[in-house]
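Below is one structure, written out as structure tokens, with a few remarks after it.
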Amino acid sequence: MYNEIHLNKIDIAGEPPAEEPARQYYFMAKCQDWVREFEQKKGRRPTAFIQTFGCQMNARDSEKLLGILEEAGFVQGADENSDFVLYNTCTVRENANLKVYGRLGYLGGLKRKNPDMLIALCGCMMQEPQVVEKIRKSYRHVDIIFGTHNIFRLAELIFRRLTEKKMVVDIWEGTDAIVEDLPVERKYPFKSGVNIMFGCNNFCSYCIVPYVRGRERSRNPEDIIHEIEGLVADGVVEVMLLGQNVNSYGKTLEEPITFAELLRRVEQIDGLERIRFMTSHPKDLSDELIEVMKNSRKICKHLHLPVQSGSSRILKQMNRKYTKEQYLELVDKLRAAVPDISLTTDIIVGFPGETEEDFQETLDVVRRVRYDSAFTFIYSKRTGTPAAAMEDQVPEDVVKDRFDRLLKEVQDIAAQVVMRDEGTVQKVLVEEMDTHEPGYVTGRLSNNTVVHFQGDASLIGQIVDVSLDEARGFYFMGTKR
Ligand code: 5AD
Ligand code: SF4
């Protein structure tokens, strides 16, 4: 593996190699040189801090970015009082966007106190030209801007910034490249996200993701299996396979394979205990996948199946390519095959043209499916998407009222649904010390529900039997068996 090559052995006197990942290891070694100088001057290594906004994709990207920074010689900082600060941004809804501008002002103040500080921005927001324009003009203290397609280049961009001494902007419109074998610094030793594909081809009419993450590209199954085997050898027992639309995995590969087939192969990996995946688009969820889930010992009893709206009319406007009835049929099929499966979803309220009747259809789906939990979102207008140009944007007060009614319904049902497992004994993967209750740990059931019980740090990363004594809303208090 490349990662095992000691960077000192890389010849950094010569020209950088053209091919990846060798080129990036060259620049990591170059950065190490700079780190040594920094250390001599200040008596300590430079610190690096990454703040991640948004989804699990971004969280995984940040682990890769931190891996590169550590290989380059940085040590992890606790907060923004660090020598290198990177915001990995999200733009799926406007409020995520606004948060970043707010934080940038604050970083300006920190940089005045520590003029050597480097500030970098990456992620989905940076793929929007108007955002980059605004930062270039109004936030001159930013040092490096890059996007979603070239995160593997972080070391090269830092090195450029150090030598050129001016703002470095490197945004790619799209890419076919998938660079393998770069360092990764995982947040949890025992579980990990694994990208299986990048980008999205669905163009739901409200969504900016296809514009900022580019077209669908799948990783080769061999690379995925190889990565997971490496993770398992390193102590990982649970993986989350990540993609914007995992059900269309493999379609564009030279030798196409289905997502269901990939799951069969992942299941074979010895030592791996649990498999999760995200996100499933209902339109592409195959019978083959349901069959694999039914027969699997390792795939968790949980499916995140975003419905977005319960109104077939709105679903059509959203370009979701299924109707309310088709969605409900799919749920029935899933439950018939895997009776104890827990279902979660995403719902948008206030999509342009949504009437009270449409909204009632959404409530109806929520009541029929009875989700374990649901992420509810107020529609956010994203520039450049078809929905942004639609007439009949719903007034804010109407949306807010619908949102509150939906949230109440979702929460009431979730509390009842979670009760279903009260009194049973279940396998729990212990994830961390409980943040509220000293002497307690927090873990997750196969169906993703959280349970707190008495225990110590030695349990973290283990799968143990826990009796679920008391359901409290959306989580349990339990006792280890
Ligand atoms: N407004 C509100 N919610 C959105 N989502 C995506 N785009 C928007 C938008 N413009 C939600 C969808 C998706 C989730 C990740 O974010 O529900 O499933
Ligand atoms: Fe956005 Fe739809 Fe693609 Fe999900 S499937 S990322 S909602 S366009």
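The chain is numbered in sequence order, starting from 1. All values below were derived from every heavy atom in this structure, side-chain atoms included, with hydrogens, water molecules and symmetry-related copies excluded. When a ligand or atom number is given, it counts from 1 through the structure's own listing order.
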ask   = Just which atoms of ligand 2 are under 4.0 Å from any heavy atom in Asn202?
value = 5 (S)
query = Any heavy atom of Ile378 sitting closer than 4.0 Å to ligand 1?
reply = yes
ask   = Counting only heavy atoms, which portion of Phe203 has something under 4.0 Å from ligand 2: side chain, backbone, both, or neither?
value = backbone
ask   = Counting heavy atoms only, which of Pro306, Ser248, Cys207, Cys200 comes nearest to atom 1 (Fe) of ligand 2?
value = Cys207
task = Would you confirm whether the ring centroid of Phe403 sits within less than 6.0 angstrom of the ring centroid of Phe377?
result = no
inquiry  = Just to confirm my output: which protein heavy-atom neighbour is closest to atom 12 (C) of ligand 1, and how far is it?
reply    = Gln308 OE1, 3.4 Å
key: Shortest heavy-atom approach to atom 18 (O) of ligand 1 - which of Asp346, Thr376, Thr385   = Asp346
request  = Please state whether Arg320 comes within less than 4.0 angstrom of ligand 2, counting heavy atoms only.
outcome  = yes
message = Using a 4.0 Å cut-off to any heavy atom of Ile348, which atoms of ligand 1 qualify?
response = 3 (N), 4 (C), 5 (N), 12 (C), 17 (O)
task = For this output row, return yes or no: ring centroids of Phe476 and Phe453 closer than 6.0 angstrom.
result = no
ask   = Any side-chain heavy atom of Ile158 sitting closer than 4.5 Å to one from Phe84?
value = yes
Heavy-atom nearest neighbour of atom 6 (C) of ligand 1 within options Thr91, Val307, Val92 = Val92
task = Examine the proximity of ligand 2 to Pro210 and report which part, side chain or backbone, both or neither, has a heavy atom under 4.0 Å away.
result = side chain
query = Within less than 2.8 Å of atom 3 (Fe) of ligand 2, any N, O or S from Cys204?
reply = no
query = Where does the angle between the aromatic ring planes of Tyr211 and Phe203 fall among parallel (under 30°), tilted (30 to 60°) and perpendicular (over 60°)?
reply = perpendicular
